[in-house]
Visitor: 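Below: one structure in structure tokens.
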Amino acid sequence: MSDTHTDVRSPDAGRTAPAEPSVLAHRLPRPVPAAELAACPVGDVFRRVGDKWSLLLVVLLGSRPHRYNELHRSIEGISQRMLTRTLRALETDGLVHREVHPTVPPTVEYRLTPLGRSLLEPLSALADWAVLHAEDMAAARAAAS
């Protein structure tokens, strides 16, 4: 096989064998140093979208731009302070764009940036996986308790 030939075929299925998941492509040192864990870009993204409100805001803004009060009314249980903090964090990370329109009073609109829009596909894949395996995980939890 040449160095450029990467079409690995399974003798049984006659289909291309699945590639190793990218998260397994690199071996982690043992023990994993705390500094390396803190600097990991994957962990950084999961911390951002894994908090209580960020994922929901990314999904809402993925459908269309929203004004601040519209977002606040759309999410039951979020305080104005937490909505503001979460939107600022998403803006700081380059996922959300905040635009102030010169009206009286000023109108503020939030929309996903191209970077934020690019996050929708991997989030959708994770959401699809979660829905597909929700019953399996519930059964495993029930068996463990």
Visitor: Using the rule that two of Ile, Leu, Val, Met, Phe, Trp, Tyr join whenever any of their side-chain heavy atoms come within less than 4.5 Å, decide whether Val49 and Leu115 are in one cluster.
Guide: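 Val49 clusters together with Leu115.
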Visitor: Using modelled atom types only, decide if a donor and an acceptor are shared between the side chain of Ser145 and the backbone of Ala142 within a distance under 3.5 Å.
Guide: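 Yes: the side chain of Ser145 pairs with the backbone of Ala142.
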Visitor: With the side chain counted from C-beta on, respond yes when Val96 and Leu112 share a heavy-atom pair under 4.5 Å apart, and no when they do not.
Guide: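 Yes. Closest side-chain heavy atoms under 4.5 Å.
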Visitor: Is there side-chain contact between Leu83 and Leu71, with at least one heavy-atom pair below 4.5 Å?
Guide: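 Touching, per the 4.5 Å side-chain cut-off.
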Visitor: To the nearest 0.5 Å, what is the distance between CG (Leu90) and CZ (Arg98)?
Guide: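 If I round to the nearest 0.5 Å, the distance is 13.5 Å.
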Visitor: Rounded to the nearest 0.5 Å, how far does CE of Met82 lie from CG of Asp51?
Guide: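 The CE atom of Met82 is 8.0 Å from CG of Asp51, to the nearest 0.5 Å.
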Visitor: If you draw a 6.0 Å radius around CD in Glu99, do more than 12 non-hydrogen atoms from other residues or ligands fall strictly inside?
Guide: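 Yes.
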Visitor: To the nearest 0.5 Å, tell me how far Asp128 CG sits from Leu123 CG.
Guide: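 The CG atom of Asp128 sits 10.5 Å away from the CG atom of Leu123.
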Visitor: Answer yes or no: is there a donor N or O on one side and an acceptor on the other, between the side chain of Tyr68 and the main chain of Tyr110, under 3.5 Å?
Guide: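 It does not hold such a pair.
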Visitor: Surrounding CZ of Arg81 (heavy atoms of other residues, nucleotides or ligands, distance under 6.0 Å), is the total greater than 12?
Guide: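 Atom CZ in Arg81 is not packed in, count stays at 12 or less.
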Visitor: Are there more than 12 heavy atoms of other residues, nucleotides or ligands under 6.0 Å from atom CZ of Arg88?
Guide: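 Not buried by this count: 12 neighbours or fewer within 6.0 Å.
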Visitor: Do the side chains of Leu126 and Leu55 join up, straight or via other hydrophobic residues, at under 4.5 Å, putting them in one cluster?
Guide: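 In one cluster: no.
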Visitor: Using 0.5 Å steps for rounding, measure from the CG atom of Leu87 to the CD1 atom of Ile78.
Guide: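 The CG atom of Leu87 sits 7.5 Å away from the CD1 atom of Ile78.
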Visitor: Could you tell me the separation between the CD atom of Glu109 and the NE2 atom of His66, rounded to the nearest 0.5 Å?
Guide: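 Taking CD in Glu109 and NE2 in His66, the distance rounds to 10.0 Å.
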Visitor: In sequence, state the C-alpha distance, the side-chain angles, and the governing distance for Leu60 and Ile75, and then conclude on side chain to side chain contact (heavy atoms under 4.5 Å, CB included).
Guide: CA-CA 10 Å; Leu60 285 171; Ile75 305 172; 3.7 Å; yes
Visitor: Kindly give the heavy-atom pair with the smallest separation between Pro106 and Val100, and that separation in Å.
Guide: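 Where Pro106 meets Val100 most closely, the heavy atoms are CB-CG1, 4.1 Å.
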Visitor: Would you confirm whether Arg111, through its side chain, and Leu61, through its main-chain N or O, come within 3.5 Å as a donor-acceptor pair?
Guide: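 Pair absent, no side-chain N/O of Arg111 close to backbone of Leu61.
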Visitor: Distance-only, no hydrogens or angles: does the Ser54 side chain make a donor-acceptor pair with backbone N or O of Arg48 under 3.5 Å?
Guide: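 Here the side-chain-to-backbone pair exists.
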Visitor: For residues Val23 and Val42, determine if any side-chain heavy atom of one lies less than 4.5 Å from a side-chain heavy atom of the other.
Guide: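 The answer is no; the side chains never approach within 4.5 Å.
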Visitor: Report the relative orientation of the aromatic rings in His133 and Trp129; use parallel for angles under 30°, tilted for 30 to 60°, perpendicular for over 60°.
Guide: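 Geometry flag for Trp129 against His133: tilted rings.
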Visitor: If you compare all heavy atoms of Cys40 against all heavy atoms of Arg47, which two are closest, and at what distance to 0.1 Å?
Guide: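 For Cys40 versus Arg47, the nearest heavy atoms are O-NH2, 4.2 Å.
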